[in-house]
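For the single chain, residues carry numbers from 1 onward in sequence order. Read the numbers this way: they start at 1 and go in the same order the structure lists the ligands and their atoms.
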Amino acid sequence: MIEPAVADLWLPIAVPIMRASWVSPRKGQANVSQMHYARQGVVTEEMAYVAKRENLPESLVMEEVARGRMIIPANINHIGLEPMAIGIASKCKVNANIGASPNASDAAEEVNKLKLAVKYGADTVMDLSTGGVNLDEVRTAIIDASPVPIGTVPVYQALESVHGSIEKLDEDDFLHIIEKHCQQGVDYQTIHAGLLIEHLPKVKGRLTGIVSRGGGILAQWMLYHHRQNPLFTRFDDICEIFKRYDCTFSLGDSLRPGCQHDASDAAQLAELHTLGELTRRAWKHDVQVMVEGPGHVPLDQIEFNVKKQMEECSEAPFYVLGPLVTDIAPGYDHITSAIGAAMAGWHGTAMLCYVTPKEHLGLPNAEDVREGLIAYKIAAHAADIARHRPGARDRDDELSRARYNFDWNKQFELSLDPERAKEYHDETLPADIYKQAEFCSMCGPKHCPMQTKITDEDLEGLEKVLEIKAGAAELTTVKLDKAD
Ligand code: SF4
């Protein structure tokens with residue numbers, strides 16, 4: 001259950017239904033994808049909305065969507081969606097994973113986790129439910145309550161539909177579930193089509209083998225049936241389904257490394273090459289694509305990984321999980337991965353999938369969702385500043401002004417997690433009077449260096465004095481030189 005202390009902090013989410021009138025004229029058309037319209041020179045309502053949110057010209061949004069460098073995941077059946085963009089031209093985004101497992105959770109709790117994720121700034125949310133509940137019911141409840149795009153991994157439900165029996169799972173089961181998710185309004189689906197049967201031997205020698213759940217299911221399927229990955233062989237059929245709903249591909253990286261040792265190996269790069277081919281195949285259908293990436297990567301290999309993805313996948317938006325830059329901190333993997341995420345964002349990754357402190361240890365609870373999201377909002381924002389995205393530093397500057405002016409309430413307000421900032425401040429100085437105090441308990445009232453308000457006028461005065469002194473010293477040197 002969600003802890004009451006955190007639950008109390010939730011704000012109601014107003015889900016506008018503005019999209020109903022936008023999408024109704026499109027229903028029944030053969031291809032309703034944003035990319036399809038953009039390639040015809042049409043600025044859809046979603047593109048115009050995104051342009052406003054991102055402070056970008058509408059024409060640029062349209063061109064980027066047409067080019068495939070930006071996506072707007074917006075299933076026509078997700079009416080309550082507030083459209084957003086993922087791409088190099090827009091701000092770096094953050095995804096949060098929720099989902100019921102066979103051991104824990106129910107539909108109400110998942111909707112609560114969704115609200116919490118949105119409250120702490122998730123730009124998209126993936127429902128990774130694997131069982132223990134009615135998966136369709138949970139998904140419908142999540143989509144109905146969500147203003148942000150919802151992503152899913154249909155392979156989980158495909159396996160669930162045959163009661164976990166790989167031998168009974170056939171190609172049509174996959175496609176049936178994929179279409180069902182589209183009908184329900186899922187905005188993007190992780191499709192593990194890049195894992196080919198010939199890639200599997202390349203996993204030999206890895207420390208942690210295959211760590212993608214979906215990838216593991218498909219590998220087992222191929223090993224059992226000795227046939228090619230059905231998501232690869234039926235890829236064009238999946239494109240035909242996606243274009244009818246404007247569902248976006250999130251091309252899954254089944255062979256992402258699960259540890260530092262396995263990073264950037266032959267298996268990972270072979271799959272990435274196939275993901276590039278699939279990207280261009282989906283684009284031929286005017287279907288939107290982003291590409292998923294690792295995982296666990298040492299700091300010095302992150303830039304290589306981002307550049308390689310851009311090159312192989314013709315700059316389709318990159319969506320990475322972490323990456324974790326060391327494997328030795330279970331319990332703190334929101335930190336080990338946020339370090340990698342900031343660097344990945346800086347080098348051009350478009351969306352970061354959050355990692356919570358429970359990664360590798362258990363199903364995250366509400367507090368873990370909060371910790372993970374804040375860590376990733378920091379990483380994404382740091383990347384935006386480093387990439388000099390217009391206006392990215394405005395909030396930092398405003399907070400710094402408030403800090404220098406000892407405007408504590410404003411400082412809290414501008415924080416990524418205002419409740420946490422206030423809670424920590426008030427731990428030692430709870431009284432209201434301290435909200436104007438010119439110090440905090442760290443350096444104390446007598447030693448706060450920010451009390452020394454050195455003004456620009458003071459510094460200008462000092463500059464003049466220094467100039468005069470420098471002039472006098474020069475004169476002395478000249479005199480001494482002459483005397484020599
Ligand atoms: S007391 Fe120290 S930590 Fe606190 S506001 Fe002043 S400089 Fe900052």
Please check if any side-chain donor atom of S264 sits under 3.5 Å from a side-chain acceptor atom of N305, or the reverse.
yes

Pair T326-Q260, side-chain donor/acceptor within less than 3.5 Å
no

Is the ring centre of H425 less than 6.0 Å from the ring centre of F412?
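For H425 and F412, the ring centres are under 6.0 Å apart.
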
Any side chain to side chain donor-acceptor pair (under 3.5 Å) pairs touching residues 374-383, not counting sequence neighbours?
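Residue pairs with at least one partner in residues 374-383: S337-Y376, H381-D396.
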
The criterion is salt bridge (Lys or Arg N to Asp or Glu O under 4.0 Å); which residues satisfy it with D333, sequence neighbours excluded?
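Per chain and number, D333 pairs via salt bridge (Lys or Arg N to Asp or Glu O under 4.0 Å) with no residue.
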
For atom 6 (Fe) of ligand 1, check which protein N, O or S atoms are under 2.8 Å away and list them.
C448 SG

Sorted by chain and number, sequence neighbours left out, ring pair (Phe, Tyr, Trp, His ring centres under 6.0 Å) with H78 holds for none

